[in-house]
Amino acid sequence: MDPQYNPKETEDKIYNFWEEGGYFKPCQQESGKAKKTVKNYSVAIPPPNITGSLHMGHALNNTIQDILVRSKRMQGYNTVWVPGIDHAGISMQNVVEKELRKQDLSRYALGREKFLEKCWEWKEQYGNLILSQIKTLGCSCDWSRTRFTMDDNYTLAVQTAFKDYYDKKLVYRGKRVINWCPRCATSISDLEVEHEEEKGKLWFIKYPLNKNNTEFITVATTRPETMLGDVAVAVNPKDKRYKDLVGKKAILPLVGREIPIIADDLIDKEFGTGAVKVTPAHDLTDYAIGNRHKLEMVEAIGPDGKMTKNVPPAYQGFKITQAREKILEDLKNLDLLEKTEDYTHQVPHCERCHAAIELLPSEQWFLKMKGLAKKAADAVRNKKVKFHPKNWEKTYLAWLDNIQDWCLSRQLWWGHQMPVWECQTTHEWFAFIGKPENCPKCKKCAPVQSQDVFDTWFSSALWPFAIFGWPQKTEDFKNFYPTNTLSTARDIINLWVARMVYSGMEFTGKLPFKDVIIHATILNKEGKRMSKSLGTGVDPLVLINQYGTDATRMGLIWQVVDQQDVKFSEDAIIAGKKFCNKLWNASRFVMLGLNEGQIVDISSRPKAMTPEDKQILSQFDLISANTTQSIEKYEFGKAIRELYEFFWHEYCDIYIEKSKAQLQDEKQKENTQKILLYVLTNTLALFHPFIPFVTEAIYQLLPIAPKSKALIIHNWPMPDKKYGTKRK
RNA sequence: GGACGAUUAGCUCAGCUGGUCAGAGCGCAUCAUUUACACUGAUGAGGUCGCAGGUUCGAACCCUGCAUCGUCCACCA
């Protein structure tokens, strides 16, 4: 053995050894005692985006899952961890579009079919990159079960799920005001909208009350261009200033339309002038007001981000910014612009391409959410699904309790095309999986399938059972669904976790998992979120390359206590590296003390001959109990800190030092060796889920009996009640 | 605007339901090297636990207010 542990030389070799040995597949534990009832333990990886590259969040999250899976595997569970990747609809489409733009091409120039070919090429080329990075992290996923959200069977799952909702009449098609990204040319969900603070203006515009322009009501707006779609002016019913005006008419400047002045509680008396222009087509508050007062919708802005034919000819076809300028100029010329104030407000942007979002009415497919949301909320309220830490339940419930219907359709190209068809005779829509031979509506036409694709999250919501073959009744589905623990990031609690919960209940009748770990967010030194676009991230692969995988995993876990967010510090990784070396050298010392060819029997707990013997053995019992319990409670940081303390300061600093004398004493020599190896081997086992490579590398060298083929399937040193398992 | 969280040694953070709770890692200082490990060992320096009140025999820990920072959520024109 070298006096220094070299992760680079070791890790690839060990990983290949595990993979070739088939240890990542179920039914691997070499349990001495054949257990009659083998329990299953399964984890579904949160599938990273196809466009992604491993970042700190992934590194932490996948380490957590690996700790769970490895410890359960060693504890004798029939364990499987299913890896995979997500096609990431809008995100992937944007990446490929960006590539095209470099060649001065657009997706429209290419056409849908060619564009999709490009996407698949991209998938083949880069889709496995992140999976190989997850391997570098040492994750013990069953790669033979790798899934992609656009695999044939997965597509079938998506279609089956939709058809099921459709048949239950939970799906409808309707024209609603939705978030529209003019650049991506698609609807997007509220959860895909980012609000960015922008310095803008608040314009005060006078709306005449009569044709002689003698009296006015002044409204304040940040978006004057939408006034061309105004259908009312609203005030608060309690506002005395406007009491006499309610029920009267105002004249919409530039358009000349007479619009009513109405009263609605949603209006804040304090803001602006207390009078608001109402544009139901382009604002959600106004849409709500419009519905309540049965106002019509005038679409002033089209899906292309230009003014429509519904506005006066002078503005038609203008882009939003041009229209705004011209409208303000015209108002000024008419002396209808009272004043302008600076105003900072939150402007919605597309999360993926950062273009400003337009709100506009659009024909889309929606999923009725109320009943589904209630089921998902109840599952958590009734403690059938538990969050760790618990306070994230609030985030989850708050969203579900205020749920809006889910706009399922996207006008993208990359994704699952929706299995909805339009009868060419009656123009009715129907759901159909596959290609309908005869139109079920008119019996004679050839129906045309919608060009829309599903929101990416519709397919992600099926992940925990679709990966096991659902809707087919496969062996894997029977064995491994539902999964046990889901570990993920907080920002997708609503986007993903909630949707998996009700999807699972709806389609399988079972909750997809029992425990949800919401892991810490790794922040940078300034306490800000690590962001690739801002270049404030730390690349875990760089750390792995520099310090080794075990050190990186250990350093990460070390810093995360109680899921509290952590400002990342490389020092912890350095400590991890030093520790791996310590482990290596302590093992080296233990082995150097043995004779050539000597095998130490560690089949039973050695006897204690000295006070130090007694102490190390009882401390080992304690640490094995504590580690087991900490993992059970998802307190990984605590587990690794306690293990570290035990190994370095109890085993090395005290026992090994003492053993040097005991090994000189012929009467004690053999027993001391036994204790050294017994405690070392079992401590390596406790450490293995956290730092798998170095522990396996050492284990392979240990001259012990009995010995498993690999530490990864070695029996977990379950705490023995006989020796006390009280926590410190 | 709402919810939640943070503020403890130079840096990154532990400190569970109030009484050996003033700690760890990294860094720093001094000493040790024919010793498994210098990616080491021993010893040590360093903090009135954000600020101001309050509860208590006793508070880093509980309560109130304030300040600063952060994350998520949110249709205020």
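Proteins get letters first, then strands, A, B, ... in listed order; numbering begins at 1 in each.
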Looking across every strand, which nucleic acid part, if any, lies under 4.0 Å from [X] by heavy atom: base, sugar-phosphate, or nothing?
X: A:K567; value: sugar-phosphate
X: A:V219; value: nothing
X: A:L359; value: nothing

Taking atom types as modelled, find out whether [X] and [Y] have a side-chain donor-acceptor pair closer than 3.5 angstrom.
X: A:E635; Y: A:Q629; value: no
X: A:D613; Y: A:Q662; value: yes
X: A:Y547; Y: A:E570; value: yes
X: A:T672; Y: A:K674; value: no
X: A:H55; Y: A:D539; value: no
X: A:Y242; Y: A:N236; value: no

Item to check | Distance in Å, A:D571 CG paired with A:K578 NZ, rounded so as to fall on 0.5 Å steps | outcome: 9.0 Å
Checklist outcome for this item: CG of A:L209 to CZ of A:F216, rounded to nearest 0.5 Å, is 8.0 Å
Separation of [N] [atom2] from [X] [atom1] (nearest whole Å):
X: A:F589; N: B:rA38; atom1: CZ; atom2: C1'; value: 18 Å
X: A:K638; N: B:rC13; atom1: NZ; atom2: P; value: 20 Å
X: A:I493; N: B:rA3; atom1: CD1; atom2: P; value: 18 Å
X: A:Q546; N: B:rC39; atom1: CD; atom2: C1'; value: 13 Å
X: A:L60; N: B:rU12; atom1: CG; atom2: P; value: 19 Å
X: A:L592; N: B:rU35; atom1: CG; atom2: C1'; value: 12 Å
X: A:D653; N: B:rA36; atom1: CG; atom2: C1'; value: 12 Å
X: A:E645; N: B:rA14; atom1: CD; atom2: C1'; value: 12 Å

Checklist entry - Where do A:K577 and A:T552 land on the side chain to side chain contact (heavy atoms under 4.5 Å, CB included) test, with the steps shown first? => result CA-CA 8 Å; A:K577 182 174 192 296; A:T552 304; over 6 Å; no
Checklist entry - Nearest of B:rA14, B:rC39, B:rA36 to any side-chain atom of A:R641? => result B:rA14
Item to check | Phosphate OP1/OP2 of B:rA3 contacted by A:K394 side-chain N/O (<4.0 Å) | outcome: no
Item to check | Any A:K582 side-chain nitrogen or oxygen under 4.0 Å from OP1 or OP2 of B:rG41 | outcome: yes
Should [N] form a Watson-Crick or G-U wobble pair with both distances under 3.5 Å, which nucleotide is its partner?
N: B:rA14; answer: none
N: B:rU33; answer: none
N: B:rC21; answer: none
N: B:rC73; answer: B:rG1
N: B:rC62; answer: B:rG54
N: B:rU68; answer: B:rA6
N: B:rC28; answer: B:rG44

Checklist entry - What distance, rounded to whole Å, do you find between the two C1' atoms, one in B:rG58 and one in B:rA22? => result 16 Å
Item to check | P-based separation of B:rC26 from B:rU20 [nearest Å] | outcome: 27 Å
If you restrict it to nitrogen or oxygen atoms, what contacts under 3.5 Å exist between nucleotides 25-27 of chain B and the protein, and what is each distance?
{"unit_1": "B:rC26", "atom_1": "O2'", "unit_2": "A:D571", "atom_2": "OD1", "d": "3.0"}
{"unit_1": "B:rC26", "atom_1": "O2'", "unit_2": "A:D571", "atom_2": "OD2", "d": "3.2"}

Next on the checklist: Once side chain to side chain contact (heavy atoms under 4.5 Å, CB included) is applied, do any residues pair with A:E393, and if so which ones, sequence neighbours excluded?
Outcome noted: A:V380, A:F387, A:K390
Item to check | N/O donor-acceptor pair, side chain A:Q4 with base B:rC39, under 3.5 angstrom | outcome: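 Donor-acceptor pair under 3.5 Å: yes.
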Checklist entry - Does a salt bridge link A:D401 with A:K374, judged by any charged N lying under 4.0 Å from a carboxylate O? => result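 Looking at A:K374 together with A:D401, the answer is no, because their closest N to O distance does not fall below 4.0 Å.
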Checklist entry - Nucleotide by nucleotide, 5' to 3', does protein get under 4.0 Å of the base (B), only the sugar-phosphate (S), or neither (-) in nucleotides 68-77 of chain B, counting heavy atoms? => result --SSS-BBBB
Checklist entry - Is B:rG15 syn or is it anti, if syn means the base angle is within 90 degrees of 0? => result anti
